[in-house]
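These numbers were taken from a predicted model, which means no experiment stands behind them. All values below come from the heavy atoms of this structure, side chains included, with hydrogens, waters and symmetry mates left out.
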Amino acid sequence: MDIFAALRARVLDALAGILPDAPEELRRRITVEPPREAAHGDMATNAAMVAAKAAGMAPPRLAAELAARLSALPEVDSASPAGPGFLNLRLKPSFLRAQIPLILAAGEDYGQAPPTGRRVNVEYVSANPTGPMHVGHGRGAVVGDALASLLAKAGHEVVREYYINDAGAQVQALAYAAYWRYLQALGTGMTEEEYAQLIPGGLQYRGDYLIPVGEALVAHYGDSLAEPHALHGIGMAGPDRWFEPVRAFTVQAMMRSIREDLAALGVRHDVFVSEAERIAAGDLERAEAILAAQGLIYRGVLEPPKGKLPEDWEPREQVLFRATAFGDDIDRPLRKSDGSGTYFANDIANHLHKIERGFDELVHVWGADHGGYVKRIKAAVAALSGGRVSVDVVLTQIVHVLKGGQPVRMSKRAGSYVTLADLIEEVGRDAVRFTMLTRKADAQMEFDLERVVEQSRDNPVFYVQYAHARVRSVLRAAGEPDPARLAGADLDRLTDPAELALIRRLTLWPRTVEAAAAAREPHRIAFYLNDLAADFHLLWNRGREDATLRFIRAEDPAGTEARLALVAATGMVLRSALGVMGVTPVEELRDERQGEAVARV
RNA sequence: GGACCCGUAGCUCAGUUGGAUAGAGCGUUGCCCUCCGAAGGCAAAGGUCGUGCGUUCGAGUCGCGCCGGGUCCGCCA
């Protein structure tokens, strides 16, 4: 259904007529793409430039030969050599129009690629269960969720995964912080600073969000996790009495809050993998054994980093993974001095778990502060899978939240940063999702709370939603015609350049899915939608000047039907693309704050 | 000291994995419209793609060196 792929096959056929035994490697380099300049036609191919040497012809000459063959095709209006050996194709309008019934038949599945047979694991969010999610997590969540949908649209079998970091020092600190709130809820006379002195590492998580957890611990356990204390009334019990139940209880509470935030954002995961469970299952030891069998583990001492030396640096023998054998810069430690695994080692276990479940490709969405971690995890997966499984990492840059151009930093709930829940409450789920995808993942982003709810041309959320609302308005006014009937319309009535431009844009959708998925760049979908909306609004505006271009004209039933077919197809592609982004298409535009339809169409 | 990411119009950003004369929105300037099909429409100006070499038929895109910004660099995750 991708007409670019279809025409590429025609180009290869034509080339085979001239150069029967072109090697596969050469054929693979031949592309058929939309030219940058619309004036050059509908499609351009580099075939003549790629194959010139093998054919023993100068590129323009070969282009002319190919043009002669291609211009005879029923799809092609004209084929003309250009420049250094390009071959420009202009398609017959009838061929373009013939795509409309195909779109109407496919509906929102238009753009869905056939199954590739490849299993892809997309791990995203994976926020530590130590506090509320902030906007940075939100960006990762949206990018990951849209990327997963995009890969599924491109024909891959996708599993959406969340890795819970529920082992290690951060979670220990969380348990101590929750225990403090528990003692407070019981009415201890101890001060926060006194408590902080008593525990290892000090009191790290001081946000108010743990207060309800402390209260819930009291409701569940009473005072059984504490001890009477002469001075404070209530004091700490030994960790062996309270630590594990408090840890488990608190992690569960944090995960519940994270899941609520994700649900509010419309982000879902198929699988939640627990770090602690994987370790308990012995994955770490098995992963180490696999690496050791290849001679990739040894005891050694790392060089200190050059330049500024950490103050407490001292040479130390460690268990190291030979990551340098797979392109990393240094070998990486696997064990802490207490014998437990480093985060990296535990993550190796996590990846072994993925590999053993049979995935062909592993995709991660990480914050940019994890950029230094990419090489070592690629090295580990290469070693564990014998090079069979690939790893791709999409890094997301930080989000600056603004309101009317002014920085917003304070959060009602967490005190130090804007929480995801605050953001969703302020502007709505769809605005959050769409806006998060209007930038390349690895570019810093400014998220202006006022701009994303503005009803104007420079707010893409509004602009795209408005296009869909207009589509729906027209179809409602036309009495909701059956797409199957519209597919039989006399589409030759669609002759205006703006109408044909819109059709061309629609036919670009399958290609956009494929390219965006291959590049792991879901933001391209947002840009496509913006372009599609622009083409549709342009046509709409033409109708305001030229009444014969209005979609519904009582005096022209046949023309009306043809234009309605185009409008319905546009709506389907809009919904298909919005579906990849996880944004709800609206029937009409309303100003949420007033509850009135201010832009009813 | 090293690794990774970024640098494109006044501003915010795209750029179809190396293609033709580098695009969009905002802003600026000019013209049109005042229509309940409720975001106004059309057009113009605006660029040595941070910079210098290199790779080749061809570089914003690939390689190397600088300049500037960001992230990170052994028992945090």
Side-chain angles (χ1 to χ4, degrees), chain A residues 4 31 33-37 39-40 44 46 49 52 58-59 82-86 88 126-128 130 165 167-171 173 201 275 301-310 312-316 318 320 328-344 346-347 367-375 395 397-398 438-440 442-446 448 451 454-460 462-463 466-467 470 473-474 477 508 511-512 514-516 518-519 523-524 526-528 530-531 534 537-538 540-545 550-552 589 597-601:
Chain A
F4 290 86
T31 60
E33 328 184 292
R36 291 192 182 185
E37 287 281 331
H40 291 144
N46 62 353
M49 286 181 287
F86 284 101
N88 292 330
S126 298
N128 293 341
T130 53
N165 299 128
Q170 298 293 319
V171 167
E275 178 181 7
V301 179
L302 286 177
E303 293 287 311
K306 289 174 182 162
K308 58 172 187 205
L309 198 63
D312 58 345
W313 176 273
E314 53 187 52
R316 196 177 288 138
Q318 293 173 301
L320 298 171
D328 201 356
D329 307 304
I330 57 171
D331 292 335
R332 303 292 178 176
L334 294 178
R335 293 283 179 175
K336 302 180 191 175
S337 51
D338 67 359
S340 66
T342 58
Y343 176 80
F344 175 52
N346 291 347
D347 207 17
D369 57 342
H370 287 60
Y373 194 75
V374 174
K375 282 187 183 177
L395 298 176
Q397 265 290 357
I398 53 174
T438 55
R439 292 282 179 278
K440 231 176 346 190
D442 198 3
Q444 289 190 20
M445 176 164 78
E446 295 193 342
D448 194 306
R451 178 148 310 161
E454 205 171 85
Q455 306 212 338
S456 71
R457 172 68 183 92
D458 59 329
N459 174 15
F462 169 78
Y463 191 64
Y466 195 19
R470 279 179 157 175
S473 166
V474 170
L508 235 37
R511 189 177 199 289
T512 302
E514 193 186 357
H523 76 279
R524 293 194 195 187
F527 282 91
Y528 173 81
N530 205 54
D531 290 341
H537 288 308
L538 179 74
W540 180 286
N541 288 325
R542 295 280 322 274
R544 298 168 79 171
E545 300 152 14
R550 293 192 171 204
F551 299 119
I552 301 172
L589 289 166
V598 295
R600 178 176 236 121
V601 291

Give the rounded distance in Å between these two atoms: [atom1] of [X] and [atom2] of [N].
{"X": "Asp328(A)", "N": "C73(B)", "atom1": "CG", "atom2": "C1'", "value": "11 Å"}
{"X": "Asp338(A)", "N": "C76(B)", "atom1": "CG", "atom2": "P", "value": "9 Å"}
{"X": "Arg542(A)", "N": "C42(B)", "atom1": "CZ", "atom2": "P", "value": "10 Å"}
{"X": "Tyr343(A)", "N": "C73(B)", "atom1": "OH", "atom2": "C1'", "value": "17 Å"}
{"X": "Leu302(A)", "N": "G1(B)", "atom1": "CG", "atom2": "P", "value": "21 Å"}
{"X": "Gln318(A)", "N": "G74(B)", "atom1": "CD", "atom2": "C1'", "value": "5 Å"}
{"X": "Asp448(A)", "N": "C13(B)", "atom1": "CG", "atom2": "C1'", "value": "15 Å"}

Quiz item: Tyr373(A) vs Tyr343(A) aromatic rings, parallel, tilted or perpendicular, using cut-offs 30° and 60°?
Solution: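 Tilted.
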Quiz item: Are there more than 12 heavy atoms of other residues, nucleotides or ligands under 6.0 Å from atom CD of Glu514(A)?
Solution: no
Exercise. State whether the number of non-hydrogen atoms from other residues, nucleotides or ligands found under 6.0 Å of Arg511(A) atom CZ is greater than 12.
Key: yes
Would you classify [X] as touching base, sugar-phosphate or nothing, given that sugar-phosphate means primed atoms plus P, OP1 and OP2, and contacts are heavy atoms under 4.0 Å?
{"X": "Phe551(A)", "value": "base"}
{"X": "Asn541(A)", "value": "base"}
{"X": "Gly543(A)", "value": "nothing"}

Practice problem: Give the nucleotide from the list A77(B), C75(B), A3(B) with an atom nearest to the side chain of Ser337(A). | Solution: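 The answer is C75(B).
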Quiz prompt | Pair Gln318(A)-Leu302(A), side-chain contact (heavy atoms from CB on, under 4.5 Å): steps then yes or no | solution = CA-CA 8 Å; Gln318(A) 293 173 301; Leu302(A) 286 177; 3.9 Å; yes
Exercise. Answer yes or no: does a side-chain N or O of Arg470(A) lie under 4.0 Å from OP1 or OP2 of A38(B)?
Key: yes
Exercise. Examine A38(B): is either OP1 or OP2 under 4.0 Å from a nitrogen or oxygen in the side chain of Tyr466(A)? Give yes or no.
Key: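 Answer yes for this pair, as a side-chain N or O of Tyr466(A) is under 4.0 Å from OP1 or OP2.
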Rounded to whole angstrom, note down the [atom1] distance from [N] over to [M].
{"N": "C67(B)", "M": "G52(B)", "atom1": "C1'", "result": "11 Å"}
{"N": "C49(B)", "M": "A9(B)", "atom1": "P", "result": "10 Å"}
{"N": "G70(B)", "M": "U48(B)", "atom1": "P", "result": "25 Å"}
{"N": "U61(B)", "M": "C6(B)", "atom1": "P", "result": "13 Å"}
{"N": "U71(B)", "M": "A38(B)", "atom1": "C1'", "result": "46 Å"}
{"N": "G65(B)", "M": "G2(B)", "atom1": "P", "result": "10 Å"}
{"N": "C26(B)", "M": "C62(B)", "atom1": "C1'", "result": "33 Å"}
{"N": "G19(B)", "M": "C66(B)", "atom1": "C1'", "result": "29 Å"}

Self-check item: Polar side-chain atom of Asn530(A) near backbone of Pro460(A) as donor-acceptor pair, under 3.5 Å
Solution: no
Practice problem: Mark yes or no for whether Asn165(A), through its side chain, and Asn128(A), through its backbone, hold a donor-acceptor pair below 3.5 Å. | Solution: no
Practice problem: Please map the stems of RNA chain B, keeping only stretches of three or more Watson-Crick or G-U wobble pairs with both distances under 3.5 angstrom. | Solution: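 Paired runs of 3+ in RNA chain B: B:1-7 with B:67-73, B:10-13 with B:23-26, B:28-32 with B:40-44, B:50-54 with B:62-66.
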Quiz item: Since syn is defined as within 90° of 0, does U17(B) count as syn or as anti?
Solution: syn
Quiz item: How many angstroms lie between CG in Leu508(A) and CD in Glu33(A), if you round to the nearest 0.5 Å?
Solution: 10.5 Å
Quiz item: Do Asn346(A) and Glu275(A) have side-chain atoms, one donor and one acceptor, less than 3.5 Å apart?
Solution: yes
Exercise. Determine, for nucleotides 14-22 of chain B in 5'-to-3' order, which nucleotides have protein heavy atoms under 4.0 Å from the base (write B), from only the sugar-phosphate (write S), or from neither (write -).
Key: SSBB-BBS-
Exercise. Answer yes or no on whether Arg470(A) is positioned over the face of Tyr466(A), meaning its NZ or CZ is under 6.0 Å from the six-membered ring centre and within 45° of the axis.
Key: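 Because its charged atom sits under 6.0 Å from the ring centre and within 45° of the axis, Arg470(A) does stack over Tyr466(A).
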